[in-house]
Amino acid sequence: RNRHHGYGGGGGGGCFWSQPTWHPTPDREEGCKWLQQAEADMEVLEILNNAADATRSACSYVCFLAYEVVCKALKGGLYFKCGLSSQDRMQRSVVRLAYTLEAEMLSLRGMLWVHANTVKDYEESTRFPHLCQGEAIPARYFGCEQASEARKSALAVLKAVKELMNM
């Protein structure tokens with residue numbers, strides 16, 4: 001079955017930026033793929049987190065990758081548990097994704113939202129200078145404390161979704 005169609009991204013068929021088909025029902029295979037990518041992003045986050053002790057420039061990337069881990073883990077959990085609506089498939093608001101998954105899993109109520117809220121602003125502000133205050137650039141604006149909190153949130157969401165998916 002052709003799972004991806006439409007816009008190709010990055011030159012390879014079926015990558016993250018491709019337009020996937022709609023999954024109106026739970027899709028455990030797709031959920032596992034999203035979770036695996038979140039885990040891979042977490043591995044890189046840990047490497048950068050270790051480098052953050054040596055160079056502050058790594059902190060903005062730790063924050064950005066924490067956002068990516070949370071976003072992909074939540075989407076993986078949604079695919080796995082209930083499917084992903086066409087609206088949520090392209091959703092980048094980790095807070096909205098957290099609310100959606102929490103609505104399906106009452107045992108997670110409030111926990112996912114708290115961690116999603118920690119990283120919600122890191123998708124763009126960690127990469128683009130015009131979004132930083134004053135003369136700062138992301139590489140110097142974000143510090144080790146923010147990176148540490150973002151990392152903790154990414155780990156917590158990843159752990160919760162893995163438990164949800166029995167992985």
Side-chain angles (χ1 to χ4, degrees), residues 4-20 22 30-31 33-79 84-103 108 110-161:
H4 299 280
H5 56 78
Y7 343 104
C15 70
F16 177 77
W17 297 111
S18 295
Q19 179 69 31
W22 184 54
E30 191 68 18
K33 285 174 51 179
W34 280 83
L35 186 65
Q36 288 169 0
Q37 186 59 51
E39 289 175 318
D41 289 352
M42 191 71 209
E43 289 177 20
V44 176
L45 183 154
E46 293 291 11
I47 292 167
L48 288 172
N49 189 59
N50 291 334
D53 291 334
T55 175
R56 182 177 175 155
S57 298
C59 295
S60 64
Y61 289 100
V62 169
C63 292
F64 172 70
L65 279 173
Y67 166 86
E68 287 292 310
V69 168
V70 169
C71 187
K72 291 170 187 168
L74 291 171
K75 286 184 179 185
L78 285 165
Y79 269 115
L84 206 57
S85 71
S86 57
Q87 181 181 10
D88 286 334
R89 181 181 59 230
M90 301 307 288
Q91 182 60 251
R92 299 295 295 165
S93 167
V94 291
V95 172
R96 180 184 164 118
L97 292 168
Y99 277 135
T100 304
L101 188 53
E102 285 177 347
L108 298 174
M111 188 281 267
L112 294 176
W113 176 86
V114 166
H115 293 295
N117 198 48
T118 298
V119 301
K120 70 179 180 180
D121 295 326
Y122 292 159
E123 179 187 16
E124 293 181 349
S125 64
T126 55
R127 299 180 294 150
F128 304 118
H130 73 284
L131 297 174
C132 292
Q133 296 174 353
E135 299 295 315
I137 62 170
R140 294 189 188 92
Y141 185 77
F142 293 91
C144 292
E145 186 175 318
Q146 290 158 305
S148 177
E149 289 301 311
R151 177 185 169 271
K152 287 177 191 174
S153 288
L155 283 169
V157 170
L158 191 57
K159 180 182 180 206
V161 173

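By convention here, the first residue in the shown sequence is residue 1.
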#### Entry: Sidechain-backbone polar pair: E124 side chain, L131 backbone, donor-acceptor under 3.5 Å
no
### Query
With no hydrogens and no angle check, is any side-chain donor or acceptor of K75 less than 3.5 Å from a backbone partner on Q91?
yes
### Query
What's the spacing between L84 CG and L97 CG if we round to 0.5 Å?
7.5 Å
### Query
Judged by atom type as modelled, is there a donor-acceptor pair below 3.5 Å linking the side chain of S148 to the main-chain atoms of C144?
no
### Heavy-atom closest contact (A73 atom, A38 atom, distance)
N-CB, 3.7 Å
### Message
Looking at every non-hydrogen atom in both residues, tell me the closest pair between P129 and P138 and how far apart they are.
### Response
CA-CD, 3.7 Å
### Pairwise side-chain contact, V157 with V119, heavy-atom cut-off 4.5 Å (strictly under)
no
### Query
Where do V70 and S153 come nearest, in terms of heavy atoms and distance?
CG2-O, 4.2 Å
### Minimum heavy-atom distance between S125 and C132, given as atom pair plus value
O-SG, 4.0 Å
### Task
Supply the atom-to-atom distance I47 CD1 to L65 CG, rounded to the nearest 0.5 angstrom.
10.0 Å
### Query
Checking E102 side chain against L112 main chain: does a donor-acceptor pair fall under 3.5 Å?
yes
### Message
If the test is side-chain contact (heavy atoms from CB on, under 4.5 Å), which one of L48, T126, N50, V44 qualifies with V62?
### Response
L48
### Message
Measuring from atom CE of M42 to atom NZ of K159, what distance do you get when rounded to the nearest 0.5 angstrom?
### Response
13.0 Å
### Task
Could you please spell out the steps behind the salt bridge (charged side-chain N to carboxylate O under 4.0 Å, His left out) verdict for E46 and R151?
CA-CA 8 Å; E46 293 291 11; R151 177 185 169 271; 2.8 Å; yes
#### Entry: Considering all heavy atoms, the nearest Y67-E123 contact
OH-OE1, 3.4 Å
### Message
Once rounded to the nearest 0.5 Å, what's the spacing between atom CE of M111 and atom CG of L101?
### Response
9.5 Å
### Query
Who pairs with Y122 by ring pair (Phe, Tyr, Trp, His ring centres under 6.0 Å), at least two apart in sequence or on another chain?
F142
### Query
Quick one: side chain to side chain contact (heavy atoms under 4.5 Å, CB included) partners of A156, sequence neighbours excluded?
H115
